[in-house]
Protein chains: 2
Amino acid sequence: MSLRSALLALLRVGPMSGYDLQKQFSQSVGHVWHAADSQIYPELRKMANEGLVVAEEQPRGERGVRRIYHVTDAGDQAFLAWMNSPPEYQRTRDAAHLRAAYLESAEPDAARSFLRAHIEHWTYELSCWDGELAHIEALDNPMLVNRLRVTDERDHERTIAYKRFAYEGLAARARSEIAWAQHGLETVDRLERGRSERS
Amino acid sequence: MSLRSALLALLRVGPMSGYDLQKQFSQSVGHVWHAADSQIYPELRKMANEGLVVAEEQPRGERGVRRIYHVTDAGDQAFLAWMNSPPEYQRTRDAAHLRAAYLESAEPDAARSFLRAHIEHWTYELSCWDGELAHIEALDNPMLVNRLRVTDERDHERTIAYKRFAYEGLAARARSEIAWAQHGLETVDRLERGRSERS
DNA sequence: TATCCCATGTAAGCAGTTACATGATTCA
DNA sequence: TGAATCATGTAACTGCTTACATGGGATA
């Protein structure tokens, strides 16, 4: 249900087409919740069938149709119900830590490559989230600006504060992963030194 | 492919039945990679069809059969190939941080409940991982003890060090999530104070 | 004789991925 | 006229969840 909630969250800022939403998912929100276009269009259809959104159909050329989705009252309520409901957690399924637990079975160089890839991956994620944070602080994230435009001015501080809070959490997680993998590289070096001394 | 790798990692320590594996997945390994029994049995069948494991069939009563799975050479190679291959990362899909980004839409009490649930969830995970770490340090984790029994003594230090490394990373992540949610609770209080002062 | 643990699965369904497929508009 | 961007999807498949289903052996 999180894809649905993410779509509603975006559409509550203002009506958008599937294509517009897809662009958002490849930028800002996409760094918190990823969704492919092949998932977005069918989900919007389903949400329209369930009355959470309505499609305003615009003709495009001879046969083409562009559908601008608007959130209905039911959709608004569904989003708020999700926001006010207790969170659901998935069971842990962490491929990197699973592999780390058996790193003695890997070639030392493969172990190092893995840890360097981990650092690279999380460094990239961190740069995305730090980038988002900079846009939040500078108030030049288009979605946030639109969001503030439809928000009571007394709620601006809160709106900004929670965006910042969310991205700071993700950034902290990325930094923790990077530090862990760096510690891992030191561990590999230390253990390999130990082995070569004994041999 | 990670479920498969986790199963091979466990079976490399020693042959086991689906039921034995399932118990492991509800304990130690299960806190890194979760798998349900309804997933384990079919996966073992598929792995047997592909020659990664062989089932030693033991009769159980009149009609019952107990299958003890052994890793084949092909299975061993598949595991090592996975260990030496570059990791694959899934795109971010983080329901908690998605929700956090829109917390201004939640009732303040629902926001607090959400953050407290987050703390509770990660505190539980942390206790599992700290527990595993204690078993690693005390050398009383049965799987680790069996693992060491089939491992050259010169590799004992590395085997233990990587287990510790993996669980320390998970524990660090849990602590980071808890600190983040605690900061969130302070943020909610600060923002709500601001609102009540203005009203 | 009841309960707990041992032991094995199937079936339906959901969420997400990958690959495929088409066509319009705009601008250089 | 060609490329980039706008715009919308379907189909097959994988991985995982939830619910259902059965039965043996040991012990209290």
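Just so you know, these numbers come straight off a predicted model, no measurement behind them. Below, read A as the first sequence line, B as the second, and so on, with proteins coming before strands; counting in each chain starts at 1.
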(request) Please tell me which of B:Ser38 and B:Glu43 maps to the more 5' nucleotide of DNA chain D, matching each residue to the nucleotide holding its nearest heavy atom. (result) B:Glu43

(message) With a 4.5 Å cut-off on side-chain heavy atoms, are A:Leu103 and B:Met83 touching?
(response) yes

(message) For the CZ atom of A:Arg158 and the CG atom of B:Leu191, what is their distance to the nearest 0.5 Å?
(response)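 Reported to 0.5 Å precision, the distance equals 7.0 Å.
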
Look at the side-chain N and O atoms of [X] and state whether any lies under 4.0 Å from the OP1 or OP2 oxygen of [N].
| X | N | value |
| --- | --- | --- |
| B:Gln39 | D:dT17 | yes |
| B:Arg93 | C:dT17 | yes |
| A:Arg66 | D:dA7 | yes |

Could you tell me the separation between the [atom1] atom of [X] and the [atom2] atom of [N], rounded to a whole number of Å?
| X | N | atom1 | atom2 | answer |
| --- | --- | --- | --- | --- |
| B:Tyr41 | D:dT17 | OH | P | 16 Å |
| B:Tyr19 | D:dA26 | OH | C1' | 13 Å |
| B:Asp37 | D:dC16 | CG | P | 14 Å |
| B:Arg91 | D:dG15 | CZ | P | 19 Å |
| A:Trp33 | C:dT17 | CH2 | P | 10 Å |
| B:Arg4 | D:dG15 | CZ | P | 8 Å |
| A:Gln22 | D:dT5 | CD | C1' | 11 Å |
| A:Lys46 | C:dG13 | NZ | C1' | 11 Å |

(message) Of the options C:dT10, C:dT8, D:dT18, whose atoms approach the side-chain atoms of B:Pro42 most closely?
(response)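 From the listed options, C:dT10 comes nearest.
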
(request) Can you figure out which of D:dG15, D:dG24, D:dA7 approaches the side chain of B:Met1 most closely? (result) D:dG15

Does this structure show an ion pair linking [X] with [Y], if we count only N-O contacts that are shorter than 4.0 Å?
| X | Y | value |
| --- | --- | --- |
| B:Asp189 | B:Arg112 | yes |
| A:Arg195 | B:Glu157 | no |
| B:Arg190 | B:Glu186 | no |

(message) Taking the nucleotide of DNA chain C with the nearest heavy atom to each, does A:Ala36 or B:Gly18 sit closer to the 5' end?
(response)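 Nearest-nucleotide comparison on DNA chain C picks B:Gly18.
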
